[in-house]
There are 2 protein chains.
Amino acid sequence: MKFITGLLLFSSLTTFAQVKPSKGYVQYVNPFIGTGAVDKSSLSGSNFPGPTLPFGFLQLSPDTRETPEEPASGYDYNDKTICGFSHTHLSGTGVADLFDVLVLPTTGAVKNESRSAFSHDQESAKPGYYRVMLKDYGINVELTATSHVGLHRYTFPESNDAHIIFDLNHSLDKRRNYWSCKILDAQIRILDHKTIEGYRVLTGWASLRKVYFRAEFSKPFSTNILMGDNQQYPNLSIINGTNLKAILNFNTKGNEQVLVKVGLSPVSIANAGLNMRTELPGWDFEDIQSQAEKKWETELEKIKIEGTPLQKEIFYTGMYHAFIQPNNMADVNGDYMSTDFSVKNAADKTHYSTFSLWDTYRAAHPLYTLTQPERTAGMINSMIRQYDTYGYLPIWQLWGEENYCMIGNHAIPVIVDAALKGLKGFDLEKAYQAVKGSSVNDHQASPFTTWEKFGYIPEDIQSQSVSITLEMAYDDWCLAQFAKKMGKMDDYNHFLKRSEFYKNLYNPKTGFFQGKNADGKWLEPFNPISYGGNGGNPFTEGNGWQYFWYVPHNVNGLIDLVGGKQAFNAKLDQFFSLKNLPSEVNGNASGFIGQYAHGNEPSHHIAYLYDYAGAPWKTQFYVAKVLNELYNNSSSGYSGNEDCGQMSAWYIFSAMGFYPVNPANGIYAIGSPILSKATLGLENGKTFTVTAKNVSKSNVYIQSVKLNGKAYHKTYITQKDISAGSKLEFTMGPKPNKSWGIRSADQPPAI
Amino acid sequence: MKFITGLLLFSSLTTFAQVKPSKGYVQYVNPFIGTGAVDKSSLSGSNFPGPTLPFGFLQLSPDTRETPEEPASGYDYNDKTICGFSHTHLSGTGVADLFDVLVLPTTGAVKNESRSAFSHDQESAKPGYYRVMLKDYGINVELTATSHVGLHRYTFPESNDAHIIFDLNHSLDKRRNYWSCKILDAQIRILDHKTIEGYRVLTGWASLRKVYFRAEFSKPFSTNILMGDNQQYPNLSIINGTNLKAILNFNTKGNEQVLVKVGLSPVSIANAGLNMRTELPGWDFEDIQSQAEKKWETELEKIKIEGTPLQKEIFYTGMYHAFIQPNNMADVNGDYMSTDFSVKNAADKTHYSTFSLWDTYRAAHPLYTLTQPERTAGMINSMIRQYDTYGYLPIWQLWGEENYCMIGNHAIPVIVDAALKGLKGFDLEKAYQAVKGSSVNDHQASPFTTWEKFGYIPEDIQSQSVSITLEMAYDDWCLAQFAKKMGKMDDYNHFLKRSEFYKNLYNPKTGFFQGKNADGKWLEPFNPISYGGNGGNPFTEGNGWQYFWYVPHNVNGLIDLVGGKQAFNAKLDQFFSLKNLPSEVNGNASGFIGQYAHGNEPSHHIAYLYDYAGAPWKTQFYVAKVLNELYNNSSSGYSGNEDCGQMSAWYIFSAMGFYPVNPANGIYAIGSPILSKATLGLENGKTFTVTAKNVSKSNVYIQSVKLNGKAYHKTYITQKDISAGSKLEFTMGPKPNKSWGIRSADQPPAI
């Protein structure tokens, strides 16, 4: 692991040269964290540095590559040139898409593929703001945004040959057929010399996206050239085609500022204009930037922490990354494109999408449930809309559409978590029907009929069968709890039984979960070190070692399977120390401690499992190790893809000292708090406070705990403790207190 | 030419076995005309036999091929099996698309690709009705339709294993990547055992089509299987994917009828349901069939003719084919998908599409102007909507979208023809702006800047340059006349000048229009016999001989170019007799008389040009020859693609004795009437009557003419003559009367 090196190399990242210093918690956010590997052994988090609002529709950010695919954010901190600023980006995903409406200001002759060198010492970013000097053109670019509108401020040098180029062809690699990306049609129209409009309709990772835009300029362009298939049409007023650009020509004085605002809509040009008139009618860049900053501050101050500057930087950047998505895809009038590709209207003007659920159900959604209860209800209502039009809840929803990325049906734990915690704002019965429907209707990677017939997923019927079996069992447990709450005891019994199907793939001879075919025979040979990717192997982006631990709803059952706590602990010890990695490690696995791979989600709960087996100091050791060694403030600050907030949410919970091993049972296992204090403001007006006396990089072991002033021995807290506005006081030390939290009664209960 | 053979071979087509005989003019319609070649030397007109309403939204018809592409109608009379009945078809086009929601009833085991043998003696069709016996299954299929709803009546044998299969994967060949056809997403949902819904979203010849459907069954199916990628899911209630089928299972008694109605919408599932509830709430097959027949009768009786049974069959089938499209794409509530892919609403509930304008501006639209004035206004308003959202009028509009098929901007003559004839129902000024905008804004295949710069289209800048130059000059002439009407004399002069640009490609050395490059040099070598297709050659689907005649707005100017009438007539004589065809005749050229190729549109006006040069008896000879020899009532009744009504409209006009050589100047050249009488009912309540005394297959020469009882010597009539409700009386004979219509004053005027 060389993340510390990165930290040193990139400490300059924290200097926001030429940006007005921010007050409040936004000052700690460093949007460059996760934007690029620092050496061959590290990874980019696939984050982007440009401005966006919390859960906002667009993400205006520089793209450093013509066909931005790796990293999926479009920006690699190691790249030396920028090809423009496009308005939509994914944060932290493993697959790329979006990159709509690329805009680039230039001076001098226009080339077929314009781009400019830039350097990080002339680049800065903070929430709602990004700046860079385009060296080749001498143009200072500043960006800010509302939810649907990107605002660009370009400071030009004196030039008789200045341009602003709009590129509607910028996308995934169409020639290489990446995700079959293809632009089906596009349009650019010059309304007048201060206004252009247009759209593009394309297929890619999202089956169909219609992206409408309206752009307005603070200064009229003198002439324009529209380009179709690289052919230039001077002074044409409209162009249609699949490969379109507009070159808008200006004469500029030295230091002259030209502002451009670009409104987007997934529904119509009219809505793009309406979004702009509603959110950004004027031209006050500082005001928009300040509004954006305030919106971020409102979200960030929901958790007030005390800690080292580095901890604050990682923590608040983590909150920033966690709150970039899910994105509200509705226009300001509530119009949105439904999962069935028709246009519908949401009365509450919100329709959330970008659900990277296989990642985010683990900790990001529990974080939203705690800190964004109203938005969580909005997300659930949006998910239920997919159920209504599509027949099941989202698996991975992008731009309002299902793309079936990954496995499981992990909208279920999200909804059940909210339901069990009593979250308001959605219809419980409707939610129940959606959860149940999504657990019985066969669909891609979820063959429930097969599930019920075999009691496991046979690999010869559906690949990734061990991972699906384990994760499906968990989703079933969630549904069973929801059924119980709703008084539907037949359903409870049925799905609780299904939640135990994981046992059917446990091979006592090897001590691992293993794949079986429909004939009931184990797949041989089995090697728990061998990796699977996204098909063709029983394991998903991981190996037998990593998936062994995935019974979050019945850790005690898992402990029993291996023969008790001692064996379980020994197995955990082996897991965290077994270093040999096969040559075919899946690209998604990284951030290793033994077989533990913090860079991908299957490992995220595992360090907390010692809590369940009487060795909480080991949980403390490994959690602190991950917090301190696998997160940093460099461009490679995450040990793998940030994954739409999940990597950040792990840090946020763990740094406060607890983590939702089972994301839907309202129980948080206690780890190792590394912040001296964290205060969580709750919707009910109360605050939940965690303090960690004597905490330091070496004092990672819990010596004692008080809850509301009373000695506390349990290795977990509950949602009730948090909601009550409790005070949780840790005292930390350099050596384990092996008498704390070790009795069976101290351990997280089996529900 | 072997069309006579076809006529004899397929005379049985006229027998509608087992169909209730129809009265009125519908009885003459034979929907099998144009549905298949009769031997290697003939062609299919690419027509389909299934039911549709006049200008209706859907076309329910059998498909004889899995990937129906050639013929584009999906049905080839020579095929022996049917794979199902899909709900949308193009009539007579050279390129295929649509084929949405294929339905097939079967008995016995379901195969992966079900299909049944059929024979023509157990098949029949008439307007609004189609019937076939599926021999493999013993199922009698009857089809009828409203505008948005297809109604199927299946008479099953006794079976415990009867099925109705819905196939959403049926389309152009996706593996062969024909027109890049790809299904982006699809859905089938079982609402209950009498109702299913779904959609498919796909790209093909139309960039993007969203096809939503709702289907209801008169009898509940007992069980169902949904299929995704050929995998079966028994009793699943919803499936999403790209390759979907539904198998609905029934037990049937002998001769039990099961009815299925399928409503479509290009906007939403809700609208598909609304369309069905509005148009076809019940189950009365005979009533729906009778309504369809009445709607057709209303259209057909607009021209009442007397003639031989064969003439009536060809004539009324021609009217039927001409009135299948353009199609009203709006849902019953007026919602439609706009050219920019957003959903809009038409207050008058009509939005026409399927504009095969390169074909249909010649005679089909003039026929609509005469017989469908209200719908013509609707078509023009729909075209103007494309101008509003897309920047120029349609070139080839399919499913509401531009696909840029062919050349020119031939919405212009359509609109100008209507404007000059004083048609009501559209905004003249708006129409003028649309026509002018579509004549100055460069777009694909229409580089107007180049046009104005060079005075011709250079082949090295835009291929098909001679054809584009000639056709663009004509469109410019139309615009000039519109400008004059609107009092915009600057525009008039400008575009009139452009309309003479055709002269710049006339090479006096060869006596042909020839391609030039931008350097002004003739492209060499030149051979007027050599064919071009759709690019890479100066000529479009034709050769120098065929395009020589394309100056419909200034035939006198063309006569002058070649040195007078004598030379012009000699050149026409050579054209109609020069038989040598090169090996590379473009597939679109067929129906030859010398170099004249009636099977494709560039030749359509040429036989009438003798009228302009003092030899009208030669017009009479060739027009009669084409009418009598190149049309018949076989499945190969047209000498090429029927082309959305154009081949039929040529017959309809010519059989009555006149034809719009210039489709926008209100002047019809007189040919050779072959009908003893034709009465055209006009919107103003008047009737225009044409009689042809002594007419017969051998009496094709005009002996004398009277207009309203007075001797008439002109070789043309005007729109005013028609609108006034005139009587035009021909007397025909076996030999030319070479003294009729030969003075300069008799000849169609240059405007």
Side-chain angles (χ1 to χ4, degrees), chain A residues 180 182-190 197-203 206-208 210 212 226 228-229 231 233-242 265 267-271 335 338-344 387 389-392 401-404 437 440-444 447-450 461, chain B residues 180 182-190 197-203 206-208 210 212 226 228-229 231 233-242 265 267-271 335 338-344 387 389-392 401-404 437 440-444 447-450 461:
Chain A
S180 302
K182 188 184 173 199
I183 295 176
L184 305 178
D185 203 7
Q187 178 180 99
I188 303 177
R189 183 195 293 262
I190 312 291
E197 287 179 346
Y199 57 82
R200 69 173 184 178
V201 176
L202 68 168
T203 180
S207 303
L208 175 66
K210 300 190 288 177
Y212 297 91
L226 295 182
D229 282 330
Q231 200 177 333
Y233 300 92
N235 290 317
L236 192 65
S237 66
I238 189 166
I239 192 162
N240 297 286
T242 57
S265 161
V267 170
S268 68
I269 290 177
N271 276 13
D335 286 352
S338 164
T339 324
D340 70 358
F341 309 98
S342 68
V343 173
K344 294 193 166 73
Y387 175 77
T389 53
Y390 212 66
Y392 31 89
E401 298 161 37
E402 185 54 60
N403 68 18
Y404 297 95
V440 295
N441 293 326
D442 287 331
H443 61 82
Q444 195 172 318
F448 295 108
T449 309
T450 299
I461 290 180
Chain B
S180 302
K182 187 184 171 199
I183 294 176
L184 305 178
D185 205 8
Q187 178 179 99
I188 303 176
R189 184 195 292 263
I190 312 292
E197 287 180 345
Y199 56 83
R200 69 176 185 175
V201 176
L202 68 168
T203 181
S207 302
L208 174 67
K210 299 189 290 178
Y212 298 91
L226 295 181
D229 281 331
Q231 201 178 330
Y233 300 92
N235 289 318
L236 193 63
S237 65
I238 187 165
I239 192 163
N240 297 286
T242 57
S265 162
V267 170
S268 66
I269 290 176
N271 276 13
D335 287 350
S338 165
T339 324
D340 69 0
F341 309 98
S342 68
V343 173
K344 294 193 165 72
Y387 176 75
T389 53
Y390 212 66
Y392 31 89
E401 297 160 39
E402 185 54 59
N403 68 19
Y404 297 96
V440 294
N441 292 326
D442 288 330
H443 61 82
Q444 193 172 320
F448 294 110
T449 308
T450 299
I461 290 179

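Remember, predicted model here, so these are calculated numbers, not experimental data. The sequence lines fix the lettering, A, B, ..., with proteins before strands; numbering per chain opens at 1.
Using a 4.5 Å cut-off between heavy atoms, A:K182 touches chain B through its side chain atoms alone. For a residue to count as touching a neighbouring chain, one of its non-hydrogen atoms must lie under 4.5 Å from one of that chain's; by this rule B:Q187 touches chain A with the side chain only. At a 4.5 Å heavy-atom cutoff, B:F448 makes no contact with chain A through either its backbone or its side chain. Only the backbone of A:V267 comes within less than 4.5 Å of a heavy atom of chain B; no side-chain atom from C-beta onward does. Of the two parts of A:T339, only the backbone, made up of N, CA, C and O, holds a non-hydrogen atom closer than 4.5 Å to a non-hydrogen atom of chain B. Looking at A:T449, neither its backbone nor its side chain comes within 4.5 Å of chain B, counting heavy atoms on both sides. Contact annotation for B:Y233: only side-chain heavy atoms (C-beta onward) come within less than 4.5 Å of a heavy atom of chain A.
Chain A forms more heavy-atom pairs under 4.5 Å with one residue of B:V440, B:D340, B:N441 than with any other, namely B:D340. Between chain A and the options B:D185, B:D442, B:N240, heavy-atom pairs under 4.5 Å are most frequent for B:N240.
B:F341 places none of its side-chain heavy atoms less than 4.5 Å from the side chain of A:L184. The shortest side-chain heavy-atom distance between A:L208 and B:L208 falls under the 4.5 Å cut-off.
Contact between A:L226 and A:S237 at its shortest, heavy atoms only, is CD1-C, 3.8 Å. Shown here for B:S265 and B:N271, the closest heavy-atom pair between the two residues is OG-CB, 3.3 Å.
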TODO: Given side chain to side chain contact (heavy atoms under 4.5 Å, CB included), test B:K344 with B:T389 step by step and report yes or no.
DONE: CA-CA 11 Å; B:K344 294 193 165 72; B:T389 53; 3.5 Å; yes
- [ ] Run the numbers on B:Y199 and B:K210 for side chain to side chain contact (heavy atoms under 4.5 Å, CB included), then give the verdict.
- [x] CA-CA 7 Å; B:Y199 56 83; B:K210 299 189 290 178; over 6 Å; no
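Interatomic distance, CD1 of B:I190 versus CD of B:E197, reported as 10.5 Å (0.5 Å rounding).
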